[in-house]
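Sequence positions, counted from 1, serve as the residue numbers for this chain. What's counted below: heavy atoms across the whole structure, side chains too, no hydrogens, waters or symmetry copies.
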Amino acid sequence: MSTANIEEATISCSLSPKEKDTDLARTIEYFENLSNLDNFNRVACKVRPIFASAEMLLCELSIETAHINTKGTLHGGFSAALVDIITGQAIGVTVKDKGIASVEIAVSYLLPVKLGDRIKIDARVLKIGRSLAFADIEFRRPDGKIAVKGKHTVLLSDPPVT
């Protein structure tokens with residue numbers, strides 16, 4: 001997504017500026033706290049949210065050595081983990097009182113991403129229903145081309161999963 005599109009998305013969002021700021025601050029705090037975890041989600045600690053709303057979560061990530069495979073490109077397993085974590089957080093901007101558990105994740109690897117590239121990650125919430133939520137995500141290379149595309153279906157549980 002280009003900078004103009006990010007600005008356009010910010011302008012068209014239905015939340016008030018204060019709600020937008022709160023959602024972004026909460027999302028930034030979530031990703032910053034991942035480095036303190038002992039579980040697998042810590043792999044996403046370098047993701048930097050730049051916009052958060054009920055409809056979308058935009059992030060950046062600079063590709064480092066820990067993110068690449070033996071060919072020097074973005075690791076597929078790492079990409080799949082980011083699809084799970086980032087879309088889950090995008091849904092979590094709206095769904096705060098229920099647990100979220102993955103039902104289905106699909107990832108398509110379209111183009112390589114190299115060490116040192118700064119990618120944009122655009123997660124969009126497609127629908128939040130009574131028991132399921134749906135999101136999709138795109139990772140864009142510095143040239144704007146889509147490198148990874150994913151989709152995620154989650155179960156919304158009540159009470160929350162701990």
Side-chain angles (χ1 to χ4, degrees), residues 1-68 74-75 77-102 105 107 113-128 133-142 144 146-157 160-162:
M1 176 175 265
S2 72
T3 305
N5 289 343
I6 291 170
E7 290 169 6
E8 180 182 311
T10 304
I11 292 167
S12 67
C13 179
S14 60
L15 297 175
S16 71
K18 183 179 179 185
E19 288 172 307
K20 286 185 216 176
D21 293 344
T22 302
D23 288 337
L24 181 57
R26 223 179 293 139
T27 304
I28 290 169
E29 181 180 10
Y30 169 81
F31 281 98
E32 286 176 347
N33 288 332
L34 290 178
S35 62
N36 300 323
L37 296 178
D38 291 332
N39 65 38
F40 185 76
N41 284 4
R42 73 185 179 282
V43 301
C45 69
K46 300 282 179 109
V47 171
R48 295 292 165 244
I50 55 177
F51 177 79
S53 74
E55 296 89 14
M56 68 183 345
L57 174 57
L58 299 176
C59 303
E60 291 181 331
L61 176 67
S62 292
I63 304 305
E64 300 177 358
T65 305
H67 308 142
I68 61 172
L74 185 62
H75 192 282
F78 179 69
S79 300
L82 291 182
V83 168
D84 182 11
I85 295 166
I86 295 171
T87 55
Q89 185 60 28
I91 292 166
V93 167
T94 301
V95 178
K96 296 175 178 66
D97 59 342
K98 294 183 182 275
I100 295 175
S102 296
I105 297 175
V107 184
V113 177
K114 298 178 294 198
L115 178 66
D117 283 352
R118 174 174 281 173
I119 61 172
K120 300 281 189 205
I121 303 169
D122 178 0
R124 296 191 179 261
V125 178
L126 303 174
K127 179 181 180 184
I128 297 176
F134 305 87
D136 68 10
I137 190 168
E138 294 178 349
F139 296 19
R140 291 191 180 266
R141 302 185 325 176
I146 299 173
V148 176
K149 186 154 181 62
K151 68 177 186 171
H152 192 187
T153 304
V154 299
L155 175 68
L156 304 175
S157 65
V161 177
T162 57

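- Proximity of K114 to I63: side-chain heavy atoms (C-beta onward) are nowhere separated by under 4.5 Å.
- With rounding to the nearest 0.5 Å, the separation of CD1 in I85 from SG in C59 is 11.0 Å.
- Looking at residues two or more places apart in sequence or on another chain, you find no salt bridge (charged side-chain N to carboxylate O under 4.0 Å, His left out) involving E29.
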### Query
Given the rule in the side-chain contact (heavy atoms from CB on, under 4.5 Å) test, do I146 and R140 qualify, once you have shown the distances and angles that lead to the verdict?
CA-CA 4 Å; I146 299 173; R140 291 191 180 266; 3.4 Å; yes

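- Checked for salt-bridge contact, R124 and D122 meet the test: a charged N lies under 4.0 Å from a carboxylate O.
- Counting all heavy atoms, side chain and backbone alike, L156 lies closest to I128 at CD1-CG2, 3.9 Å.
- Annotation for K149: atom NZ counts as buried by contact number, over 12 foreign heavy atoms lying within 6.0 Å.
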### Task
List the steps and the verdict of side-chain contact (heavy atoms from CB on, under 4.5 Å) for L82 and L61.
CA-CA 10 Å; L82 291 182; L61 176 67; 3.8 Å; yes

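- Among all heavy-atom pairs drawn from A147 and V113, the shortest one is CB-CG2, 3.4 Å.
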#### Entry: Working for side-chain contact (heavy atoms from CB on, under 4.5 Å), residues H152 and D84
CA-CA 7 Å; H152 192 187; D84 182 11; 3.1 Å; yes

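- In this structure, CD1 on I28 lies 12.0 Å from CG on N33, to the nearest 0.5 angstrom.
- When all heavy atoms are compared, the tightest approach of I119 to R141 is CG2-CA, 4.3 Å.
- Atom OG1 of residue T27 and atom CD1 of residue I86 lie 11.0 Å apart, to the nearest 0.5 angstrom.
- The closest side-chain heavy-atom distance from V83 to F139 is below 4.5 Å.
- Checked by atom type and distance alone, the side chain of N39 pairs as donor or acceptor with a backbone atom of N41 at under 3.5 Å.
- A distance of 5.5 Å separates CZ of F31 from CG of L57, quoted to the nearest 0.5 Å.
- In terms of heavy-atom proximity, A90 sits nearest to V125 at O-CG2, 3.6 Å.
- Here the closest non-hydrogen pair linking D136 and T87 is O-CG2, 4.2 Å.
- The minimum heavy-atom distance between V93 and A54, with the atom names listed, is CG1-N, 4.1 Å.
- Between atom CG of residue L115 and atom OG1 of residue T65 there is a gap of 5.0 Å, rounded to the nearest 0.5 Å.
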### Task
Please step through side-chain contact (heavy atoms from CB on, under 4.5 Å) for the pair K46 and S62, ending with a clear verdict.
CA-CA 8 Å; K46 300 282 179 109; S62 292; over 6 Å; no

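- Here the CD atom belonging to Q89 is positioned 10.0 Å from the CG atom belonging to D23, to the nearest 0.5 angstrom.
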